[in-house]
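First comes the structure, then the notes that go with it.
What you see is a predicted model, and the numbers here were worked out from it, not measured in a lab. When a ligand or atom number is given, it counts from 1 through the structure's own listing order.
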Amino acid sequence: NELVVSFGEMLIDFVPTVAGVSLAEAPAFLKAPGGAPANVAIAVARLGGAAAFAGKLGDDEFGRMLAAILRENGVDDSAVVFDAGARTALAFVTLRADGEREFMFYRNPSADMLLTADELNVGLLKRAAVFHYGSISLIAEPCRSAHLRAMEVAKEAGALLSYDPNLREALWPSREEARAKILSIWDQADIVKVSEVELEFLTGIDSVEDDVVMKLWRPTFKLLLVTLGDQGCKYYARDFRGSVPSYKVQQVDTTGAGDAFVGALLRKIVLDPSSLQDQKKLEEAIKFANACGAITTIKKGAIPSLPTEIEVLRLMENA
Ligand code: ATP
């Protein structure tokens with residue numbers, strides 16, 4: 001069984017047509033489909049893997065457009081439900097000239113936040129080899145309960161649980177609540193991936209030294225990863241740890257690099273779960289994931305940049 005089921009939000013990012021402006025300065029916006037869990041599902045499918053996305057969309061033009069994007073990319077959308085009374089979420093996002101990301105969310109509430117436990121496609125969840133999720137779906141009820149229930153169903157059926165918190169501070173009532181809720185499900189995961197920013201947010205320490213990362217380790221984990229942008233990533237497994245550099249590319253837009261990395265790694269793990277216990281195999285899988293993340297930064301946008309397996313292998317061979 002190779003199925004990766006990714007749970008959470010799918011939405012539309014509106015990104016400025018020109019680079020390096022604030023949201024207020026932007027002359028116009030392009031619509032870019034996104035939402036980290038949806039990106040991960042599409043990343044897996046683009047690499048030739050079996051993937052499904054589970055979540056709720058508005059029964060509106062944008063919701064139907066997003067579901068069509070899933071299907072066009074070969075992602076199973078049988079666990080997507082539509083809300084007749086709420087809109088598909090929108091996020092206006094820009095990378096300002098000073099390097100800061102600026103977000104403005106339209107979720108009051110949006111359809112993704114209204115998924116209920118009753119609406120879960122339990123049959124699909126039970127077929128997952130890996131169940132992947134973030135933390136945005138933990139912010140508000142009823143989606144929070146649906147998220148917790150989905151984790152339970154997948155885990156009981158034998159899936160590996162994969163967690164990428166994908167911190168979006170602006171969506172939480174406070175930093176304290178974000179930290180508490182993100183960590184409230186920490187112990188249940190098998191595989192966890194954090195960025196440098198998330199590592200600092202969760203530990204309160206601005207360092208990627210092993211002793212800091214290990215504050216996030218749990219004895220039940222199979223793999224903990226810290227992604228470091230163009231520096232690749234550090235990995236921690238039960239019996240070994242190390243770091244794997246990334247590949248040199250002309251970076252244009254990093255949106256979706258983390259999701260591409262996760263999708264590629266999960267694809268490798270479902271193909272050979274013994275990679276989690278074998279350092280050589282794991283490093284090969286991480287190299288592949290780094291290459292997949294690197295390629296995603298060459299072009300603008302997340303979904304249009306996600307590579308096929310051949311493109312990833314080509315970058316690895318030419319390095
Ligand atoms: P995002 O939130 O922007 O999607 P992230 O912060 O979760 O990303 P990153 O560390 O930016 O994750 O990127 C994930 C992986 O992609 C890195 O571990 C690395 O392998 C690869 N990567 C990202 N940026 C670059 C780059 N400029 N050059 C080479 N590889 C990169």
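Shown in contact with Tyr247 at under 4.0 Å from a heavy atom are these atoms of ligand 1, numbered in order with element: 28 (N), 29 (C), 30 (N). Residue contact check: Asn290 has heavy atoms under 4.0 Å from atoms 18 (O), 19 (C), 20 (O), 21 (C) of ligand 1. The Thr297 neighbourhood of ligand 1 comprises atoms 23 (C), 24 (N), 25 (C), with distances under 4.0 Å to a heavy atom of that residue. Interface atoms of ligand 1 facing Gln251, defined by a heavy-atom separation under 4.0 Å, are 26 (C), 27 (N). Set against the non-hydrogen atoms of Gly256, the atoms of ligand 1 under 4.0 Å away are 4 (O). Less than 4.0 angstrom separates some heavy atom of Leu228 from each of these atoms of ligand 1: 10 (O), 18 (O). Within ligand 1, counting atoms from 1 as listed, the ones closer than 4.0 Å to a heavy atom of Gly293 are 16 (O), 21 (C).
Under a 4.0 Å N-O distance rule, the pair Lys280/Glu283 does not qualify as a salt bridge.
Comparing Asp164, Leu225, Thr255, Asp230 against atom 25 (C) of ligand 1, the shortest heavy-atom distance belongs to Asp230. Taking each of Ala294, Ala257, Gly229 in turn, the one with a heavy atom nearest to atom 19 (C) of ligand 1 proves to be Gly229. Of the listed residues (Thr227, Leu315, Thr254, Val226), the one carrying the non-hydrogen atom nearest atom 3 (O) of ligand 1 is Thr254.
Looking from atom 2 (O) of ligand 1 to the surrounding protein, the closest heavy atom is Asn166 OD1, 4.6 Å.
Using a 4.5 Å cut-off on side-chain heavy atoms (C-beta onward), Thr88 and Glu61 make no contact. Proximity of Asn290 to Phe261: side-chain heavy atoms (C-beta onward) are separated by under 4.5 Å at one or more points. Side-chain contact check for Val312 versus Leu47: some heavy-atom pair is nearer than 4.5 Å.
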### Query
Are Tyr133 and Tyr163 close enough, and set up right, to give a ring-ring contact (aromatic ring centres under 6.0 Å, His included), and what steps lead you there?
CA-CA 5 Å; Tyr133 47 87; Tyr163 186 18; 5.1 Å; yes
### ring-ring contact (aromatic ring centres under 6.0 Å, His included) assessment of His132 paired with Phe7
CA-CA 6 Å; His132 175 78; Phe7 174 93; over 10 Å; no
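Between Thr297 and Thr254, the shortest heavy-atom distance links the atoms CG2-CA, 3.9 Å. Across all their heavy atoms, Glu119 and Val81 have their closest contact at O-CG1, 4.0 Å.
In Lys193, the part holding a heavy atom less than 4.0 Å from any atom of ligand 1 is the side chain. With a 4.0 Å cut-off on non-hydrogen atoms, Ser195 touches ligand 1 through its side chain and not its backbone.
At a 4.0 Å cut-off, not a single heavy atom of Glu196 sits close enough to ligand 1 to count as contact.
In terms of polar-atom proximity, defined here as any N/O pair under 3.5 Å, Gly232 does make such a contact with ligand 1. Ligand 1 has an N or O atom lying under 3.5 Å from an N or O atom of Gly258, backbone or side chain. At least one N or O atom of Ser246 sits closer than 3.5 Å to an N or O atom of ligand 1.
In this structure, atom 22 (N) of ligand 1 has a protein heavy-atom contact shorter than 4.0 Å.
Ring to ring, Tyr236 and Phe221 are not that close: their centroids are 6.0 angstrom or more apart.
In this structure, Lys268 is positioned above the aromatic face of Phe288, its NZ or CZ under 6.0 Å from the six-membered ring centre and within 45° of the axis.
Using a distance-only test at 3.5 Å, with no hydrogens or angles considered, a donor-acceptor pair links the side chain of Arg46 to the main chain of Leu306.
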